[in-house]
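Here's the structure we're looking at; comments come further down.
Remember, it's 1-based here, ligands and their atoms both numbered in the order they're listed. All values below come from the heavy atoms of this structure, side chains included, with hydrogens, waters and symmetry mates left out. Nothing here was measured: the structure is a model prediction, and the numbers come from that model.
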Amino acid sequence: MTRIANHDELERAVRQTVAAQPITDIHTHLFSPDFGDLLLWGVDELLTYHYLIAETFRASNVSYDHYWAMTKTEQADLIWKTLFLENSPISESCRGVVTTLNALGLNVESRDLNDYRWYFAETNVHDFIDRVFELANVESVVMTNDPFDPTEQPVWQQERQGDPRFHAALRIDPLLNGYESGMRKTFKAWGYDVTRSLGKKSCKEIRRFLSEWIERMNPKYMAVSLPPEFMYPENSARGRIIERCVLPVSKEYNVPFALMIGVTRAVNPQLRMAGDGMGKADLRSLENLCRENPDNKFLTTLLSRENQHELCVLGRKFPNLMIFGCWWFMNNPSVIEEITRERIELLGLSVIPQHSDARILDQLVYKWSHSREIIADVLVDKYADTLTAGWQVSTDEVKRDVSALFGENFKRFLEA
Ligand code: HDL
Ligand code: ZN
């Protein structure tokens, strides 16, 4: 086991190790191909990604009504013209499309969108999944599975043989955020005897719902996205369902509860999926949850940059809290670098530095190549500082550490 005494050799070892490390991507919106059209892929999907839709409305004078009346091909044509031809594609989302097309071997120089469409038309989805996983060096992804989604729900109601690289996550936003605005009625229609007051019987029924879906999906975790004003404990339907239903079932099945906090839905409804905003959360909610439930496991990612330092401090207080990813508006090089440094300095190797949040299969290529580069930069500095302090690591130890960051930490956290 040769220890590395030289800074240049150390940098080479770190960069090679990060590049070679297969990824477990713990939060995506991808679907195994047996979910049919729910799995999005190809250049028109890449271009009509909601991040690019928001940017297009800023750079063009298209009206909301005119855009939403367009076909997907027309929308992609407009986005390509606006963000790639009339302006240079230097935003993170635009750069991602270029990275991906280039990595797929397409001639980016031609700038001919129909060229790229032809490539995808000639490709079948199963081969494409293999190609993308290979290019991105991803070994598995966790989906976002919504039992309340009328398109997705029927797929779970039948025996399914999914692609083993696609794991499930049980997403419960409508239950926690919509109970009083209609979800209760849906539950009753589904045969769960629940009432507005959420008494003992209702909570037992909601626990039954969660148990049935955990047994059906075998999810890696249960997840919810929450607004900046989320508080716990809270005298609300959400507070009661978390306390009396989600936490006991999470512990019983050893399925962690993932809280994704800070999203303000539909700040501009005219942008549809692109219309969500964000805000700084009050992390006393998370502090209370972790302290009062030491035998429960929590995964958390936050949407506000201003919450990140206090999240790291919370991570130091509660070993049952696993911090993950640079979520959504955080998923940009300047912020990824800042919070990865903060996390390594405060938490060492006990975090999951990134997830892709990919919605389109092709995005795994750019989201991971961009993030690997930044995380490697941070690790090079941190290992170099440790070498300067006098500690020589071996290549095996670097491999061990990087494997923890990109997969083992998640695996061990689930198994604990
Ligand atoms: O709630 C979430 O999981 C978010 O990631 C949203 O899906 C968001 O629209 C998104 O795709 N962010 O990257
Ligand atoms: Zn997401």
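Not a single donor-acceptor pair under 3.5 Å links the side chain of N332 to the backbone N or O of S334.
The OD1 atom of D357, the Zn ion (ligand 2) and the NE2 atom of H27 define an angle of 90° (nearest 10 degrees).
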Could you tell me, for ligand 1, which of its N or O atoms are under 3.5 Å from any protein N or O, listing the pairs and their distances rounded to 0.1 Å?
from     : atom 1 : to   : atom 2 : distance (Å)
ligand 1 : 1 (O)  : R171 : NH2    : 2.7
ligand 1 : 1 (O)  : R265 : NH2    : 2.8
ligand 1 : 3 (O)  : H27  : NE2    : 3.2
ligand 1 : 3 (O)  : H29  : NE2    : 3.1
ligand 1 : 3 (O)  : R171 : NH1    : 3.1
ligand 1 : 3 (O)  : R171 : NH2    : 3.3
ligand 1 : 5 (O)  : H29  : NE2    : 3.3
ligand 1 : 5 (O)  : W327 : NE1    : 3.0
ligand 1 : 5 (O)  : D357 : OD1    : 3.0
ligand 1 : 5 (O)  : D357 : OD2    : 3.0
ligand 1 : 7 (O)  : H29  : NE2    : 3.1
ligand 1 : 7 (O)  : R359 : NH2    : 2.6
ligand 1 : 9 (O)  : H50  : NE2    : 2.9
ligand 1 : 9 (O)  : R359 : NH2    : 3.4
ligand 1 : 11 (O) : H50  : NE2    : 3.4
ligand 1 : 11 (O) : R359 : NE     : 2.9
ligand 1 : 12 (N) : Y51  : OH     : 3.2
ligand 1 : 13 (O) : Y51  : OH     : 2.4
ligand 1 : 13 (O) : D357 : OD2    : 3.3

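Between F35 and F166, the distance separating the two ring centers is not shorter than 6.0 angstrom. Checked against a 6.0 Å centroid threshold, the rings of F133 and W368 do not count as neighbours. Between F57 and Y64, the ring centre distance stays below 6.0 Å.
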Query raised in the report: Are E45 and K72 close enough, and set up right, to give a salt bridge (Lys or Arg N to Asp or Glu O under 4.0 Å), and what steps lead you there?
Result: CA-CA 8 Å; E45 294 297 350; K72 186 172 285 279; 3.1 Å; yes
Requested in this report: Evaluate side-chain contact (heavy atoms from CB on, under 4.5 Å) for V141 paired with H355, printing each intermediate quantity in order.
Outcome: CA-CA 9 Å; V141 299; H355 66 275; over 6 Å; no
